[in-house]
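Written below as C-alpha cells is the structure these notes are about.
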Amino acid sequence: MLWLALRFPHLALELVAAVQVPAGPLVIRQQQANRQQVFDADPAARRLGVRRGMSMKQAQLLVPELAIVDRDEVGEAEGLERLAHWAMQFTSQVVVQSPRGLLLEIGASRRLFGGVTALHRQVITSCEQLGHAPRSAIAPNPQAAWWLSALSQAPVITREWELRTALAALPLDCLELSDKQRQALRRMGLQHLGECLRLPRAGLRRRFGAEWLERLDRALGHSPDPRPCFRPPHRFAARLELPAEVDNCSGLLFGLRRLLQELGGALLGADAAIDRLMLTLEHADLPPVDIALQLLEPQRDPGYLLELWRERLEREALQAPVLSLRLASVEFQSAGHANLGLFGQPSGRAEGQALWERLQARLGREAVRRPGVVADHRPESAWSLENSTDGAPPGQRPLWLLDPPERLRQGPEGPWRDGPLRLEQGPERIESGWWQGRWVRRDYFIATDSHGARLWLFRQADERDWYLHGRFG
C-alpha cells in the first residue's frame with residue numbers, strides 16, 4: 001500500500017478566504033479557556049508579526065487594522081468532508097484525519113494516473129484550484145505519511161527500507177505529542193525522532209505511554225494500521241457563501257464552479273452520475289429561490305455541467321442580490337460507460353445529446369422537445385413529444401404523416417393519385433385501440449407513384465376506399 005497525506009494547516013483561513021474579501025490583514029480568532037487568541041493569520045498579518053497562539057489584545061496592538069473572524073469548527077468539519085468527497089476521484093480509500101487532514105491510499109490507482117509523481121502532481125494542482133495549499137507526503141503507511149506531511153517539503157517514500165531513515169530525521173515538533181511529552185523530550189536533549197529510536201523501548205513506554213509507542217510502531221511498519229475509510233452518501237449537498245453580494249447570474253458561476261468540482265470528485269469516486277441538480281439562491285430579505293437543471297442522461301463531468309448551468313442561468317432574472325449558494329443532487333445513479341471512436345471522439349449520439357441539453361438549458365425544457373416512439377401500433381399515436389422512449393416501431397414507417405389522411409381516387413387498377421399507384425409491399429394489418437374507443441382496423445401498403453416517390457397507403461378493413469397516410473423521404 002502507498003498513502004498520500006494532505007495536511008491543511010490553514011484550512012480555516014482558506015475557507016474564510018473563499019467566501020469573503022478581508023478589508024485588511026486577516027486573523028482567525030478562537031476562545032481558549034478564558035483567553036481570546038489567534039488561531040491562524042494570513043500572510044499579510046504574519047508579515048506584520050502576528051503569530052498563532054498570540055493573544056488577541058497583543059495582535060490588535062501590533063496591527064490595529066486587523067480583520068477578525070471567529071473560528072467556525074463546524075464549518076471546518078464540513079469543509080473537510082467536502083474535500084473528502086473531492087478526493088474520491090483519485091482513490092476509493094479516503095480517510096478523514098480530523099481536524100485538518102486527509103489520507104488517500106494511492107497504491108491501487110497510481111498506474112491509472114500515470115505513476116506516483118503524476119498522481120501526486122494532479123492531486124496538488126486540483127487542490128489548489130479549490131483554493132487550498134496543503135502540505136503533503138507519501139509513505140507506505142498512513143501514520144508515517146501523516147507525520148512526514150508536517151514538513152515544509154513534500155517527501156515521497158515508496159520503499160519500506162527508506163522509511164526508517166526518513167522518519168529518523170523527523171523533528172519532534174512534527175509528531176503528535178502533548179506539551180508535557182514535548183517538554184520531557186527537550187529536557188532529555190532530544191530533537192529528532194531518530195534519537196528516540198536509539199533509546200530503550202521500556203524507558204520510552206514508561207515516560208510517554210503505550211499509545212504513543214504504538215503509533216511509533218505503526219509509522220515504522222512494525223504494526224498494522226487499519227483506518228476507517230470515508231463513506232460518502234449517495235447524494236450530494238453543499239452550501240457556499242459568496243465573497244460578496246452577487247447581483248447578476250454570471251457572477252454566480254464563480255462559486256458554482258467550486259461546488260461542481262467537489263461534486264465531480266464525489267461522482268468519480270462512486271463511479272456514479274446524476275441527471276438532476278437543484279441550485280438554491282439565498283438572499284438577505286427574500287425566500288430562497290430554487291433553480292433546477294434536468295439532464296437527458298446522467299452526467300458527471302464538472303466542466304460540462306458548468307457550461308449547462310451557464311446556459312441555464314443566462315435566462316434567469318435575480319430578484320435580489322445573492323448571498324450564498326446551495327447545490328443538491330438527486331440520488332446517485334450508476335454511471336454508464338460509452339465507447340469512444342477510434343481517435344477518442346464522442347459518438348454522434350453523445351454529441352446530439354449535448355446539443356439537446358444545451359438548448360434546453362438556454363431555452364427551457366418546454367421550448368425544446370424531441371419526438372420519440374410510444375408503444376402503440378396506431379401510426380398517429382405511436383409518437384410523442386413527452387414521455388417518449390428510444391427505439392423504432394416495427395416495420396417500415398414514413399417520417400411524414402398526413403393529418404388527416406388524404407382520400408384517394410379509385411382507378412380501374414387500384415388507387416390513383418396523378419396517375420396509377422403501384423403497390424410494392426403489403427398488406428400489413430394494424431388493428432388496435434378498441435379499449436380507448438378509437439378502434440383502428442386498417443391494411444397498410446407501400447406504393448410508388450409515377451415520379452418514383454414512395455407513399456404509405458391504407459384502406460379500412462372490409463372497405464374499398466384508399467387513403468394516403470404518409471410519405472417516405
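Please read all numbers here as calculations on a predicted model, not as lab measurements.
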Do [X] and [Y] have side-chain heavy atoms sitting under 4.5 Å apart?
{"X": "V63", "Y": "V27", "value": "no"}
{"X": "I106", "Y": "W3", "value": "no"}
{"X": "I274", "Y": "P298", "value": "no"}
{"X": "V156", "Y": "H120", "value": "yes"}
{"X": "C174", "Y": "L193", "value": "no"}
{"X": "D275", "Y": "Q294", "value": "yes"}
{"X": "I138", "Y": "L2", "value": "yes"}

Identify whether the distance between the nearest side-chain nitrogen and carboxylate oxygen of [X] and [Y] falls below 4.0 Å.
{"X": "E282", "Y": "R239", "result": "yes"}
{"X": "R100", "Y": "E76", "result": "no"}
{"X": "D40", "Y": "R51", "result": "no"}

*Please assess W86 against V123 for the test side chain to side chain contact (heavy atoms under 4.5 Å, CB included), listing each intermediate value before the final yes or no.*
CA-CA 10 Å; W86 157 84; V123 170; 4.0 Å; yes
Taking the side chain from [X] and the backbone from [Y], do they hold a donor-acceptor pair closer than 3.5 Å?
{"X": "E160", "Y": "E162", "answer": "no"}
{"X": "S126", "Y": "Q122", "answer": "no"}
{"X": "S109", "Y": "F90", "answer": "yes"}
{"X": "R135", "Y": "A150", "answer": "yes"}
{"X": "T91", "Y": "E105", "answer": "yes"}
{"X": "E14", "Y": "A133", "answer": "yes"}
{"X": "Q36", "Y": "Q32", "answer": "no"}
{"X": "H283", "Y": "P321", "answer": "yes"}
{"X": "S136", "Y": "A5", "answer": "no"}

*So, for F332 and H234, is the gap between ring centers shorter than 6.0 Å?*
no
_Positive for side-chain contact (heavy atoms from CB on, under 4.5 Å) with L305, one of R257, Q261, Q299_ = Q299
_Over 60° means perpendicular and under 30° means parallel, so tell me whether F230 and H85 are parallel, tilted or perpendicular._
perpendicular
*Given side chain to side chain contact (heavy atoms under 4.5 Å, CB included), test L163 with N141 step by step and report yes or no.*
CA-CA 10 Å; L163 187 56; N141 65 73; 3.3 Å; yes
*In sequence, state the C-alpha distance, the side-chain angles, and the governing distance for R258 and L240, and then conclude on side chain to side chain contact (heavy atoms under 4.5 Å, CB included).*
CA-CA 9 Å; R258 180 189 180 101; L240 180 67; 4.0 Å; yes
_R29 to F39, cation-pi by 6.0 Å centre distance and 45° axis angle_ = no
What side-chain donor-acceptor pairs closer than 3.5 Å can you find for residues 208-222, not counting sequence neighbours?
residue, atom, partner, partner atom, Å
R215, NE, E176, OE1, 3.3
R215, NH2, E176, O, 2.7
D217, OD1, R201, NH1, 3.0
D217, OD2, R201, NH2, 3.0
R218, NE, D225, OD1, 3.3

_Within this structure, what is the CG-CG distance for the pair L277 and L295, rounded to the nearest 0.5 Å?_
6.5 Å
*Given the rule in the salt bridge (charged side-chain N to carboxylate O under 4.0 Å, His left out) test, do E314 and R312 qualify, once you have shown the distances and angles that lead to the verdict?*
CA-CA 6 Å; E314 282 183 354; R312 178 69 178 84; over 6 Å; no
